[in-house]
There are 4 protein chains.
Amino acid sequence: MKHTDVETLFANNIETANLSKKQRSVLKASLTLFAKQGYENTSTLDIARLAGVSEGTVFKHFKTKEGLLQAVLNPFIHDIFPRVADEFLTALHQNPFDDFDSFLKYAVRDRMAYAMDNRQEMKIFIQQMVKDPSIMTKLTDRLAHLLQGGVDSLFHDYKQKGQLVDWDSMRIVRMVSGVIVGYLIPNIIMSDQPLDVDKTTDEVCEFLLDGLRPRN
Amino acid sequence: MKHTDVETLFANNIETANLSKKQRSVLKASLTLFAKQGYENTSTLDIARLAGVSEGTVFKHFKTKEGLLQAVLNPFIHDIFPRVADEFLTALHQNPFDDFDSFLKYAVRDRMAYAMDNRQEMKIFIQQMVKDPSIMTKLTDRLAHLLQGGVDSLFHDYKQKGQLVDWDSMRIVRMVSGVIVGYLIPNIIMSDQPLDVDKTTDEVCEFLLDGLRPRN
Amino acid sequence: MKHTDVETLFANNIETANLSKKQRSVLKASLTLFAKQGYENTSTLDIARLAGVSEGTVFKHFKTKEGLLQAVLNPFIHDIFPRVADEFLTALHQNPFDDFDSFLKYAVRDRMAYAMDNRQEMKIFIQQMVKDPSIMTKLTDRLAHLLQGGVDSLFHDYKQKGQLVDWDSMRIVRMVSGVIVGYLIPNIIMSDQPLDVDKTTDEVCEFLLDGLRPRN
Amino acid sequence: MKHTDVETLFANNIETANLSKKQRSVLKASLTLFAKQGYENTSTLDIARLAGVSEGTVFKHFKTKEGLLQAVLNPFIHDIFPRVADEFLTALHQNPFDDFDSFLKYAVRDRMAYAMDNRQEMKIFIQQMVKDPSIMTKLTDRLAHLLQGGVDSLFHDYKQKGQLVDWDSMRIVRMVSGVIVGYLIPNIIMSDQPLDVDKTTDEVCEFLLDGLRPRN
DNA sequence: GATGAATGAGCATTCATTCAT
DNA sequence: AATGAATGAATGCTCATTCAT
């Protein structure tokens with residue numbers, strides 16, 4: 001069960017679909033350069049050159065450099081992340097795990113691997129979030145809304161079976177993602193040292209499982 | 001037991017000490033503006049104006065804008081953060097807690113409050129780390145080194161008493177700080193919504209304590 | 001006796017006649033925009049949008065933006081203004097006035113009303129003349145040629161009857177139009193305050209007829 | 001009795017006084033180029049080159065290209081034109097003329113010569129007025145205010161002596177300047193054909209004094 | 001040490017014009 | 001004929017940095 005990586009989704013994105021070949025290459029060049037050197041340190045000329053187009057072309061469709069950034073980030077917020085979340089929830093529903101331990105391990109490993117596969121893209125997101133918090137709000141709102149329904153039913157059985165603490169589902173999600181984020185962010189940012197997904201998953205889960213064990 | 005805030009430490013900082021009044025005001029203006037609008041979006045003229053000096057003065061001592069950034073960040077890495085860590089460890093040693101629960105609650109609340117008190121300064125750090133990972137490496141190396149000795153002796157008793165899982169001390173530190181970081185970063189960045197430190201501390205500790213409970 | 005306004009003449013103009021519907025709409029859009037925001041501040045994209053055509057279409061027929069301007073101005077010089085002048089002279093000949101006073105009042109009121117009715121179009125002309133004096137030369141040459149014959153016969157009788165000073169006809173024309181221009185230009189340019197044509201006509205004529213010499 | 005020309009006044013202008021040598025040369029270059037090729041067709045690089053400075057220098061003091069235009073025009077509105085008007089009124093008061101004929105001839109010739117001497121500067125003014133009518137409003141308001149008091153006393157005697165029609169003084173001023181403007185504007189704009197000031201003065205005055213009514 | 005005028009390379013953006021479809 | 005994507009030169013403007021005073 002392999003997840004689709006962001007780049008593929010990006011290429012097929014609905015908003016991206018009606019762009020010409022050149023405009024798509026502008027978008028891709030922006031993604032690459034923003035990730036590598038940051039938004040502010042990337043000039044529109046850099047983008048044009050990497051995309052193999054004229055500078056005018058960069059502005060013809062995207063109007064401003066900021067518009068280009070939005071065009072890079074929006075698919076993530078409105079399409080890719082939600083789709084990924086959905087894909088993930090579906091996968092979880094289709095492969096039911098007998099116990100919460102296996103479930104958690106699968107989930108953590110999967111999302112961690114996902115993030116590792118898409119480091120570059122994550123980095124832009126993190127960089128922009130640090131500057132413009134509204135992006136983060138938009139994204140978390142959107143994801144919260146998406147997960148709200150899905151996770152309740154997922155967690156319900158495990159709670160019944162006494163394998164999972166009877167907390168509000170979103171609190172559990174926050175804890176788990178908090179720990180993962182605390183682990184991943186330093187790694188994503190210092191991108192030269194990739195993470196050992198298996199080892200980290202084991203460590204994280206051992207810790208999470210005892211934290212999430214039901215109180216007797 | 002109140003911690004000293006970063007700004008006071010900053011003013012008294014050893015590297016900062018031998019600067020003239022004007023140069024110090026340049027440094028302070030940089031801190032303020034970098035925090036508010038980011039490094040790239042702050043011009044040296046902005047800094048000069050806020051500091052009440054000429055543009056030439058900004059460069060007289062600090063050579064380049066990058067030098068100004070380093071002058072702002074270095075005290076944190078080499079002086080302020082270590083001193084804060086030391087202050088914290090000392091406090092912990094001086095106020096011994098009978099059980100790990102009380103200890104953890106104190107520690108978490110204290111560091112959380114500390115971060116909340118110095119949001120602005122943290123924000124520059126986060127922003128720069130995202131762009132220049134080496135800053136993070138430098139900082140974590142330095143802190144790791146500082147804590148290594150200190151925490152071992154702190155945790156030893158609790159481990160003996162069967163109140164704390166017998167993991168490597170740094171793994172415990174990483175877990176705890178991971179959870180805290182996962183909680184704080186979103187809040188620091190979206191600085192308009194301050195965090196309820198007490199409530200969050202309780203939530204975080206409830207979770208951490210079961211995760212860190214020794215295995216039978 | 002109502003004069004035809006410039007827009008109607010423009011639409012029926014001989015040079016304009018063999019244009020396609022789209023090209024005509026390009027020309028009309030140019031007229032509107034040049035008048036409203038000036039030639040330099042109007043982009044060919046603005047024109048294309050207002051005309052409801054593509055940018056390519058704008059250039060298909062008119063070759064350059066300058067060509068577009070010429071296409072807008074030429075009808076005025078070669079067709080519309082002369083036709084208007086002719087229409088005016090004819091009207092004067094057909095409605096002979098017994099005395100020069102009545103004649104002058106009619107003429108002044110008519111041309112003044114004409115200019116007021118076509119402010120927008122006048123404005124482009126004025127703006128362009130200021131930049132490219134050759135337009136003015138072309139126009140004045142053309143009008144001078146047209147009036148030369150016509151006015152002589154018109155003025156002759158009045159001069160004979162001792163109602164009009166015996167100056168060269170063109171000097172009289174120049175004086176009269178000078179005074180009118182001095183009155184109108186400020187008003188056309190500051191288009192928000194329309195002029196009271198009747199009142200102004202009376203003032204201007206009183207002055208033109210008696211000058212500054214006191215009435216006995 | 002020779003009037004001071006605009007360029008000299010411009011150089012000594014109070015607002016202009018505290019500019020550095022280079023900034024003054026930027027201002028002078030702007031004046032020259034705006035007059036020669038119009039505001040829109042003059043690039044800031046053109047100005048920099050003619051002024052013999054870097055492009056940055058152009059913006060250091062004047063902030064924007066529009067600011068440069070204002071810096072060129074403002075002295076005219078706030079300083080030069082008023083000073084010229086004052087100088088003119090004073091001169092008229094100091095050299096009393098026995099009859100209105102001599103007075104008018106002197107005044108017309110003087111202002112006409114003044115305008116001819118400063119064609120280039122006038123041209124910018126006219127060009128800008130055509131685009132931004134508010135400039136004209138500002139100027140006319142200012143001049144009207146200045147003349148209001150002065151001309152009344154000047155005209156009073158001539159009116160008493162029966163040499164000047166008993167109209168409102170401003171109406172007389174408007175008529176006279178209207179005729180002069182009607183004569184001058186075409187000439188200023190088509191700057192290659194300078195005007196014969198003496199001949200034109202005679203023509204204009206003859207007309208102004210007696211109107212179109214035949215001499216008995 | 002401090003000043004601030006000057007620099008000039010760099011940047012985002014605009015726009016008339018072209019051309020393949 | 002019409003389209004509109006693409007072009008690339010040009011433009012107004014910014015900013016870190018230098019240096020004469």
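Below, read A as the first sequence line, B as the second, and so on, with proteins coming before strands; counting in each chain starts at 1. Given the structure is predicted, the values throughout are model-derived calculations rather than measurements.
Annotation: cation-pi geometry not satisfied between B/Lys65 and B/Phe59 (NZ/CZ under 6.0 angstrom from ring centroid, within 45° of ring axis). With D/Phe34 as the aromatic partner, D/Lys123 does not meet the cation-pi criteria of under 6.0 angstrom to the ring centre and within 45 degrees of the ring axis.
OP1 or OP2 of F/dA6 has at least one side-chain nitrogen or oxygen of A/Ser20 nearer than 4.0 Å. Regarding contacts with the backbone of E/dT3, a side-chain N or O of B/Thr57 is found under 4.0 angstrom from either OP1 or OP2. Side-chain N/O atoms of B/Ser54 include one lying less than 4.0 angstrom from OP1 or OP2 on E/dT3.
Atom CG of C/Leu45 is separated from atom P of E/dT13 by 17 Å (rounded to the nearest Å). Across the protein-nucleic acid pair, B/Asn41 atom CG and F/dC15 atom P stand 9 Å apart, rounded to whole Å. Atom NZ in D/Lys21 sits roughly 17 Å away from atom P in F/dA20 (whole-Å rounding). For C/Arg49 and E/dT14, the CZ to P distance is 11 Å, given to the nearest whole Å. Protein atom CD of D/Glu55 is 13 Å distant from nucleotide atom P of F/dA10, rounded to whole Å. Between the NZ atom of B/Lys65 and the P atom of F/dT18 there is a distance of 15 Å, rounded to whole Å. In this structure, C/Lys63 atom NZ and F/dA2 atom P are separated by 12 Å, rounded to whole Å. Atom-to-atom, CZ of A/Phe59 to C1' of F/dA9 comes out at 14 Å; the value is rounded to the nearest Å.
Pairing each heavy atom of B/Ser30 with each of B/Leu68, the nearest pair is OG-CG, 3.4 Å.
The partner of F/dC15 is E/dG8, by the rule that a Watson-Crick or G-U pair needs both atom distances under 3.5 Å. The partner of F/dA20 is E/dT3, judged by Watson-Crick or G-U wobble contacts that both fall below 3.5 Å.
The nearest heavy atom of DNA chain E to D/Gln23 and to C/Gly56 marks one nucleotide each, and the one closer to the 5' end goes with D/Gln23. Between A/Ser43 and C/Thr44, the residue whose closest nucleotide on DNA chain E is further toward the 5' end is A/Ser43.
Within the 4.5 Å cutoff, the side chain of C/Gln23 has heavy atoms near those of the C/Thr57 side chain.
Residue contacts for B/Val58: at a heavy-atom cut-off of 4.0 Å it reaches no nucleic acid atom on any strand shown.
A donor and an acceptor atom, one from each side chain of B/Glu55 and B/Thr44, are located under 3.5 Å apart.
Candidate nucleotides E/dA6, E/dT13, F/dA6 were compared by shortest atom distance to the side chain of D/Lys60, and E/dA6 ranks first. Nearest nucleotide to the side chain of B/Lys22, out of F/dT3, F/dG12, E/dA2: E/dA2.
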